[in-house]
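Note that ligands are numbered from 1 as they come in the structure, with each ligand's atoms numbered from 1 the same way. Fair warning: this is a prediction, and the values are worked out from it, not measured in the lab.
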Amino acid sequence: MTKVAIGCDHGGIVLKDAVVSTLTDLGAEIVDFGTMTDQSVDYPEFGLKVAEAAAEGKCDLGVVMCGTGIGISISANKVPGVRCALVTNEFMATATKNHNNANVLALGGRVLTPDEAKALVKVWYTAEYEGGRHQKRLDMITAIEKKYMK
Ligand code: RB5
């Protein structure tokens, strides 16, 4: 069963139920790293938890959410091995799996409605990485990570 790590701040929590139910309906197992309420919290904490779970293989994929999706995607992308994509339409959500093999999806709770988020999660989760010419580019991203790793 595919395990999906979920994390959000107070700005993203409005999308969490929709995202979790969509993934559950698609057969995924959810690991919820919080936050659990709409009290103000700091998005890097939740981006890090999801990113580490995906990078270390404890989960296969992740979905992160904050108000815009920007701060939590920036945070997740600091973890080597994570390719976190912030998407706002179905073309981006599909293409980022096809081409970037994005293992973490980022969504904005102040940008998308829950129904829009459901559609984006569904196409990203069900799309497949195409490999081929795209692998060389992912290898180049990994080389950048290695260059700056201490
Ligand atoms: C929190 O107010 C907000 O800054 C956060 O959810 C996110 O939009 C940051 O990028």
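In this structure, the side chain of N100 does not engage the main chain of A102 through any donor-acceptor pair within 3.5 Å.
Atoms of ligand 1 lying under 4.0 Å from at least one heavy atom of H10, given by number and element, are 1 (C), 2 (O).
Polar contact check, G67 against ligand 1: a nitrogen or oxygen pair lies under 3.5 Å apart. The distance criterion of under 3.5 Å between nitrogen or oxygen atoms is met by G71 with respect to ligand 1. Taking distance alone, with nitrogen or oxygen atoms compared against 3.5 Å, Y43 stays at or beyond that limit from ligand 1.
V31 and V104 fall within a single hydrophobic cluster, where Ile, Leu, Val, Met, Phe, Trp and Tyr are joined by side-chain heavy atoms under 4.5 Å apart, directly or via other members.
By heavy-atom distance, the residue among I74, D9, I70 lying nearest atom 6 (O) of ligand 1 is D9.
What sits closest to atom 2 (O) of ligand 1 on the protein, heavy atoms only, is R110 NH1, 3.4 Å. Of the protein's non-hydrogen atoms, C66 SG, 3.3 Å is the one closest to atom 7 (C) of ligand 1. Closest to atom 8 (O) of ligand 1 among all protein heavy atoms lies T68 N, 3.0 Å.
Nearest heavy-atom pair, N89 versus F91, reported as atom, atom and distance to 0.1 Å: OD1-N, 3.1 Å. Nearest heavy atom pair, residue I6 against residue V19, reads CD1-CG1, 3.9 Å.
With Y129 as reference, Q135 is the one residue of H134, Q135, H99, K97 to meet the side-chain hydrogen bond (donor to acceptor under 3.5 Å, both in side chains) rule.
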With a cut-off of 3.5 Å and sequence neighbours excluded, list every side-chain donor-acceptor pair involving residues 51-71.
unit_1	atom_1	unit_2	atom_2	d
E56	OE1	K58	NZ	3.0
D60	OD2	K3	N	2.6
T68	OG1	I70	N	2.9

